[in-house]
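Note sheet for the following structure.
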There are 2 protein chains.
Amino acid sequence: MPKSDNRDRILTHAAQLVRRQGFNNTGIQEILIQAGVPKGSFYFYFKSKEDLGLALIDYYASGITSMIESLLKAAGSSPLQRLEHFFEGFRQLCDQEEWKSGCPIGNLTQEMGTLNLAFQDKLKGVFVRMALGIRECLQEARASEQIDRSLDLDDTADFIVNSWEGALLRVKAEGNTEPLRIFQKMIFGLILKT
Amino acid sequence: MPKSDNRDRILTHAAQLVRRQGFNNTGIQEILIQAGVPKGSFYFYFKSKEDLGLALIDYYASGITSMIESLLKAAGSSPLQRLEHFFEGFRQLCDQEEWKSGCPIGNLTQEMGTLNLAFQDKLKGVFVRMALGIRECLQEARASEQIDRSLDLDDTADFIVNSWEGALLRVKAEGNTEPLRIFQKMIFGLILKT
């Protein structure tokens, strides 16, 4: 198997395990066994477990930011409809299997944000990119007079990202997606109304 | 030392360690050493590490819900002022040392919510109590016409709790309390205005 394939296999399997059970709770051997990569070869691909963790943030982030970009930039509907469609899409994913474990970026922030400065710095960057995608959509909505002109777009975009993370967290306590329904209702019914 | 003292010492030290570094990442021996309780005596006080975790939720929850109750029920100011004062007080705590590690209930939900049904069930109950405290305050605010009559009090209270948890999560990525300032501004400036 080419080297890069092994690295990708380690990342993919680590992403699934860490998402489900946490970073500190997942051992390197466990990842290698799942990935079918020979024991002892880990340090050929990653300098340390921390190095793997930082690569995992990029892995999760590229999935999330490309989803945000493609959904928010989709043509054919108004900026607010695209934003609503985006969150409704995630709610439906969450109702299925995949998002039961919450947002992998939120999970890692909760677990590692204050324990490791390199993690914190990288996670901070992902949140900034998520908020920027939403801000662009809000900017368009303002230009087409879909939202109140007095809304501070930076604060609103950050509030939406943070409140969404909080709703995804609450989903893990409730075991259902009711917190996401409430999030969508409050954001689109109260904050983003004309 | 009386038995109950040892149990309390284990709980207090476990609470500090778990809050800082996570539940799965904290070992029983580490807790006992910090607590100065003889090794091997753990199972005299707790049936299992899970049993300790469930006791920790009660420990954290009693602190949080008593703070909510005393602050929200404080006399001498309007319901909305009390609510604002409550969140501003937490923001200031967060600016100091203690809340840098986020909300211990949010942390445990992120880490254990989908891994352990007994944790999930107990954490769910804590969120419900937190939301009820805020709902009572909103109910009073409505009675004195401080907020819009059309607001759904249940959804609004849940949204406030969840968005606050999300803001506390984001604090761990940012390393400052800006997410809490934005939370307060959006909740009190937009959602809870007359």
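Residue numbers start from 1 in every chain, and the chains themselves are labelled A, B, ... in the order their sequence lines are given, proteins ahead of strands. Worth knowing before you read on, the calculation uses all heavy atoms, side chains too, and leaves out hydrogens, waters and symmetry mates.
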_Among the listed options B:Q21, B:E165, B:K124, B:K122, the residue most often paired with chain A at heavy-atom distances under 4.5 Å_ = B:K124

*Against chain A, work out which of B:T114, B:T156, B:V161, B:D155 has the most heavy-atom pairs shorter than 4.5 Å and name it.*
B:D155

*Can B:V171 and B:N176 be said to form a side chain to side chain contact (heavy atoms under 4.5 Å, CB included), step by step?*
CA-CA 6 Å; B:V171 163; B:N176 64 49; over 6 Å; no

_Quick one, B:R135 with B:Q139, criterion side-chain hydrogen bond (donor to acceptor under 3.5 Å, both in side chains). Give me CA distance, side-chain angles, the key distance, then yes/no._
CA-CA 6 Å; B:R135 193 194 185 288; B:Q139 177 94 53; 2.7 Å; yes

_Heavy-atom pairs under 4.5 Å with chain A, option from B:G125, B:G22, B:G106 with the top count_ = B:G106

_If you count heavy-atom pairs within less than 4.5 Å of chain B, which of A:L169, A:L151, A:D154 leads?_
A:L169

*Donor-acceptor side-chain pairing of A:Q92 and A:E88 below 3.5 angstrom*: yes

*Could you check if a side-chain atom of B:I28 sits within less than 4.5 angstrom of a side-chain atom of B:Y43, using non-hydrogen atoms only?*
yes

